[in-house]
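Counting begins at 1 with the first residue of the sequence. Only a predicted model underlies this, so the values are computations on that prediction, with no experimental measurement involved.
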Amino acid sequence: MAPGRKPSMDQPAGSEAGERAYAEMIAKARALLPRLRERAARTEELRHLPPETERDLHDGGLFRMLQPARIGGAELDYVALVDCAELLGQADASVAWNLANLASHHWMLGMFEQKAQDLVWSRDPDALIASSFIFPAGRATKVDGGYQLRGSWPFSSGVASCEWNMLASVVYSEDEADGIEYRIFLLPKGDYKVLDTWNVAGLRGTGSCDVEVRDAFVADHMTVAVGELAGGPTPGSKINPNPLYALPVFSLFPYVLSGVALGNAQACLDDYIEVTRHRISTYNRAKLSDFQSTQIKIAEASAKIDAARLIMRSACLDAMEDARCGHIPDMVTKTRYRRDGSFSVNLCTDAVSMLFAASGARGLFTSGVLQRQFRDAHAINSHLAFNFDAAGTNYGRVALGLPSENLTL
């Protein structure tokens, strides 16, 4: 067993059938690792997932891990996102990022009104849904029967493969007394334009392009207010009663993608140990494995990765248990979820940075994976959900009795 890795992932609490389905999903993800490693360079070159990788994920049912069972989805517990993303992240962070991101939108669609769910899944239960949850990027106004939406959104991961897109926007009212509302809009691909803007240093294979909406009408049933996703029954709960669809979406938002950082860091540690075990210093021909500094770095990196894993999984398991009990977390708990999500990813980034520095010039060669793991780690960490200054400040405010500044919670 490699340092920093548990012998097996604890299965979430649930029925025997649910535990079996979870184990099968993990096995399917694990079986893909060799193929994903072989394709990693090509994925970066393409700047999006290769068609054969996308097909592998579909064939394994991985995109549908959180989709309602009534549609044929696996309806697994939320922690499956972290666990599957960790596994795939050990082969290619870009693949893991798109898998977790797109799989989470099946989960979110399960919270919309039934009419929206039926419109998407009756056509194709495998249909992929992209997103951009940057609310200030859009402007919506209420009209008869729905909303008029326009805006330009960045970072819509995997959008080229998707038939739909969930776009976040602020809803403005002519009456200033009404204030503003945060709402998510579900649009078919014909209503938005994809802009090929994804030329980046890390997570190159995610195809996280910009999308633009000039002026689209979105019917009421194709939208959901952020306030309806704060925990407890949602518009979709009538047909999807599983507590999975009563989780507080934006409180748990970091854990959609945090497993990607975990898998990337674990792979970096495994590779470092394997290389260092046989590596000789070019300076004095000493074995690097004999250096105390090398041993300490392995210990520190593995401790950070193990701690990150415990933090991520505990948050997801606790949230599911609360939902099963019908308990809606208070604001301290919600901001703690955000705090811990960002902190755990920061731990993974620190581990990769330390191992990259310890590897010396070897890590600079583009023929090796270390430079990609380093770039991907910092690309992951740049996501706003993992900004500890923002998450930490808000947690501190709430702990001190001040109101939360995060309007999505």
Side-chain angles (χ1 to χ4, degrees), residues 9 21-22 24-40 42-44 46-67 73-110 125-131 133 155-166 198 202-209 252-267 312-313 316 345 348 372-373 376 379-380 383 385:
M9 294 177 177
Y22 168 86
E24 290 172 356
M25 191 70 70
I26 292 296
K28 290 175 181 177
R30 196 184 304 278
L32 291 177
L33 301 190
R35 276 175 275 176
L36 300 183
R37 291 191 184 101
E38 291 175 1
R39 298 173 190 157
R42 180 164 171 256
T43 301
E44 282 212 316
L46 291 173
R47 296 184 295 120
H48 58 76
L49 298 192
E52 58 269 35
T53 293
E54 192 174 307
R55 176 46 50 198
D56 284 340
L57 297 173
H58 274 301
D59 289 347
L62 292 167
F63 284 123
R64 301 174 69 181
M65 70 177 85
L66 301 186
Q67 187 185 47
E75 202 169 293
L76 300 179
D77 281 3
Y78 191 71
V79 74
L81 269 182
V82 172
D83 293 345
C84 288
E86 178 188 355
L87 277 174
L88 298 188
Q90 291 175 26
D92 188 335
S94 288
V95 175
W97 182 275
N98 275 11
L99 180 278
N101 194 48
L102 300 179
S104 75
H105 301 148
H106 280 303
W107 166 62
M108 290 183 65
L109 180 55
D126 284 310
L128 297 179
I129 306 166
S131 72
F133 295 127
F155 309 124
S156 190
S157 298
V159 65
S161 302
C162 296
E163 296 295 315
W164 300 84
N165 209 316
M166 289 182 180
W198 193 244
L203 293 175
R204 284 182 56 82
T206 61
S208 301
C209 295
L252 297 171
F253 188 54
Y255 307 99
V256 170
L257 298 167
S258 65
V260 183
L262 184 61
N264 185 64
Q266 184 65 63
M312 293 176 195
R313 299 191 84 250
C316 296
V345 168
C348 294
R372 174 167 55 84
Q373 291 164 343
D376 286 347
I380 295 165
H383 195 290

Evaluate the side-chain proximity of Cys162 to Ile129: yes if any heavy-atom separation is below 4.5 Å, no if none is. no
Side chain proximity check, His106 to Leu66, heavy atoms < 4.5 angstrom: no
Run the side chain to side chain contact (heavy atoms under 4.5 Å, CB included) test on Glu54 and Asn98 for me, step by step, so that the C-alpha distance in whole Å, both residues' side-chain angles and the decisive distance to 0.1 Å come before the verdict. CA-CA 10 Å; Glu54 192 174 307; Asn98 275 11; over 6 Å; no
Distance in Å, Ser161 OG paired with His58 NE2, rounded so as to fall on 0.5 Å steps: 7.5 Å
Parallel, tilted or perpendicular, judged at 30° and 60°: which one describes the rings of Trp97 and His383? tilted
Would you call the rings of His105 and Phe133 parallel, tilted or perpendicular, where under 30° means parallel and over 60° means perpendicular? perpendicular
Checking Tyr78 against Val256 for the side chain to side chain contact (heavy atoms under 4.5 Å, CB included) test, could you report, in this order, the C-alpha distance in whole Å, the side-chain angles of both residues, the deciding distance, and whether it holds? CA-CA 9 Å; Tyr78 191 71; Val256 170; 3.3 Å; yes
What is the distance from atom CG of Asp126 to atom CZ of Arg64, rounded to the nearest 0.5 Å? 4.5 Å
Side chain to side chain, Phe63 and Leu128, heavy atoms closer than 4.5 Å: yes
Electrostatic pair Arg313-Asp83, nearest N-O below 4.0 angstrom: yes
Distance from Trp198 atom CH2 to Ser156 atom OG, nearest 0.5 Å? 11.0 Å
Short question: side chain of Asp376, backbone of Gly202 - any donor-acceptor pair under 3.5 Å? no
Assess the residue pair Ser208 and Leu203 against the criterion (side chain to side chain contact (heavy atoms under 4.5 Å, CB included)); give the C-alpha distance rounded to whole Å, side-chain angles, the decisive distance to 0.1 Å, and a yes or no. CA-CA 9 Å; Ser208 301; Leu203 293 175; over 6 Å; no
Minimum side-chain heavy-atom gap Leu252-Cys316 below 4.5 Å: no
For Leu32 and Leu62, what are the C-alpha separation, side-chain angles and deciding distance, and is it a side chain to side chain contact (heavy atoms under 4.5 Å, CB included)? CA-CA 11 Å; Leu32 291 177; Leu62 292 167; 3.6 Å; yes
Looking at every non-hydrogen atom in both residues, tell me the closest pair between Ala91 and Leu36 and how far apart they are. CB-CB, 3.7 Å
Restricting to non-hydrogen atoms, name the atom on Cys84 and the atom on Met65 that form the minimum distance, rounded to 0.1 Å. CB-CE, 3.8 Å
Do the non-hydrogen side-chain atoms of Gln67 and Leu109 ever get within less than 4.5 Å of each other? no
Check ion pair Arg42-Glu52 (N to O, under 4.0 angstrom): yes
Which pair of non-hydrogen atoms, one from Met25 and one from Gly60, has the smallest distance, and what is that distance? SD-O, 3.9 Å
dist Leu102:CG -> Leu49:CG (nearest 0.5 Å) comes out at 8.0 Å
So which atom in Ala93 and which in Asn264 form the shortest heavy-atom distance, rounded to 0.1 Å? CB-OD1, 4.2 Å
Quick one: CG on Asp92 to CG on Leu99, what's the gap to the nearest 0.5 Å? 11.5 Å
Pairwise distance CD(Glu86) to SG(Cys348) - rounded to 0.5 angstrom: 8.5 Å
Which heavy-atom pair separates Ala40 from Arg372 by the least distance, and what is that distance? CB-NH2, 3.5 Å
What's the shortest heavy-atom distance between Ala85 and Val260, and which atoms? CB-N, 3.8 Å
